[in-house]
Amino acid sequence: MQAPSPVRVGVLGAGNVGGALARLLVDDTAAIEARTGLRLELARLAVRDLSRRRPLALPPGCLTDDAGSVVTDSGVDIVVEAIGGVEPARTLILEALKAGKPVVTANKELLADAGAELFEAAAAAGVDLLFEAAVAGAIPLIRPLRESLAGERITRIMGIVNGTTNYILTRMAEGGATYGDALSEAQELGYAERDPTADVEGFDAAAKAAILASIAFGQTVVAGDVHREGISAVTADDIAFAHRLGYVVKLLAIAEQDEPEGEVAVRVHPAMIPSTHPLAAVRDSFNAVFIEGDAVGELMLYGRGAGGRPTASAVLGDVLDAAHNLRAGGPGRAPALARSQVRPMPELTSQYYVTMEVEDRPGVLAAVAGAFAEEGVSIRSMEQVGLGDEARMVFITHTALERAMQQCLERLRRLDAVETVGGLIRVIEDD
Ligand SMILES: NC(=O)c1ccc[n+]([C@@H]2O[C@H](COP(=O)([O-])OP(=O)(O)OC[C@H]3O[C@@H](n4cnc5c(N)ncnc54)[C@H](OP(=O)(O)O)[C@@H]3O)[C@@H](O)[C@H]2O)c1
């Protein structure tokens, strides 16, 4: 019997992800075929710098610095985009789709920016656009949301979707490190970039939150719709205080949908969660996504959110899916996205942790409590620690409107007795 012809894969980018995928395609061809019945072949590999040494045994003519030639190559059946960033990735993906080739990408930044345009182009061309690795790296998340949970009314998704910040917060909680020391350690270990802004200020998590909300709720949510705060203002004192009260501080991406209005609320910010919550046990650079739905109840998916090989494994799964669909003669299920209805952050509610340094003299507590009362924010607990002439006050509030809490902070900052108002951390209780 004649062996089936291979499915030829063109990979754009040979960095952490593209390089690891190319290695899997070159080294594991036979094993992949034995497991799946599909023979994949690395047909072309595009890079920016041809002179860079690559520890890969590539077939002659495979490597190129002309990514455009890969997407239009008639010898390429499926295109994998692993370059990153918006351009030229966007143009290359659109060209590949126009040429009728399924595309697999791990590019959260691009999908959170131009996802709707790309999904439309894929639908118009009648081919797959798959992106399992774009959110939470190796964790199967997009496919379960799109397929296994397709009929479920998802009410909330809460995820630890950035490994760098989870590593930093873990070191602060368990090693007593300051934010600066934990960040330096993460940089030394290669968990954080030299410029860590995208991770520590929540931009990376916000892009992933937008993609998750789009898929879970069927709306075109873009990164700009996501309220975003990072972890750079979280102090060792905040974390120690949270610990004493039975909480853990995590950077969470949270996407919720209201019934019956259908409005979605999507945000990324540090949050205190009870130490008994399953997400509290997610340590170091691991990721996890906690999904709540009407019928399914609570689900949690856990694993490696980044790293070349784990991410390449998720990309390979998509390549096999696309290859299977090519053989079957049509694309798989595509997301149907309606226009987004996003509820703005000031209209959301939460409990809050807030700290402030105040003058340690009579009457200050009354003035501070008055500021909370003026805005209708009710105090659940208060603790005061003396610091010489000053004192640190720590409050946890009952559930309040975000707008009221922000106005309360403004009021507190204007009080003569208040030196500084520290970071605000939302407190999430188990339902
Ligand atoms: N790294 C992770 O753990 C991870 C996890 C999940 C998702 N992702 C996503 O995966 C994508 C790739 O990330 P990465 O970490 O692999 O990036 P990377 O290590 O920086 O690799 C980028 C690759 O793209 C190549 N490249 C850049 N511009 C090019 C161009 N114009 N034409 C052809 N090739 C070009 C580079 O070529 P040279 O080698 O010649 O410089 C390099 O091989 C990003 O979208 C990222 O968000 C990454």
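For ligands, and for the atoms within them, numbers begin at 1 and follow the listed sequence. All values reported here derive from a predicted model rather than from experimental measurement.
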**Asked** Is it the case that T235 and D238 place a side-chain donor and acceptor less than 3.5 Å from each other?
**Response** yes
**Request:** For the residue pair D195 and T197, confirm or rule out a side-chain donor-acceptor distance under 3.5 Å.
**Result:** yes
**Message:** With a 6.0 Å cut-off (strictly less than), is the heavy-atom count around NE2 of H277, excluding the residue itself, greater than 12?
**Reply:** yes
**Sequence-distant partners of R23, side chain to side chain contact (heavy atoms under 4.5 Å, CB included), two or more places apart** = D27, P55, L56
N/O pairs closer than 3.5 Å, ligand 1 and protein:
unit_1, atom_1, unit_2, atom_2, d
ligand 1, 3 (O), G307, N, 2.7
ligand 1, 15 (O), N16, ND2, 2.9
ligand 1, 16 (O), N16, N, 3.1
ligand 1, 16 (O), V17, N, 2.8
ligand 1, 19 (O), N16, N, 3.0
ligand 1, 19 (O), N16, ND2, 3.3
ligand 1, 34 (N), R48, N, 3.4
ligand 1, 37 (O), R48, N, 3.1
ligand 1, 39 (O), R52, NH1, 3.3
ligand 1, 39 (O), R54, NH1, 2.8
ligand 1, 39 (O), R54, NH2, 3.2
ligand 1, 40 (O), R48, N, 3.1
ligand 1, 40 (O), D49, N, 2.7
ligand 1, 40 (O), R54, NH2, 2.8
ligand 1, 41 (O), R48, NH2, 3.2
ligand 1, 41 (O), R52, NH1, 3.2
ligand 1, 43 (O), A14, N, 2.8
ligand 1, 43 (O), G15, N, 3.0
ligand 1, 47 (O), K108, NZ, 3.2

**Asked** Among pairs that include at least one residue of residues 115-137, which meet side-chain hydrogen bond (donor to acceptor under 3.5 Å, both in side chains), considering only residues two or more places apart or in two chains?
**Response** R90-E117, D128-N325
**Request:** Could I get the full list of salt bridge (Lys or Arg N to Asp or Glu O under 4.0 Å) partners for R426, not counting sequence neighbours?
**Result:** E229, E402
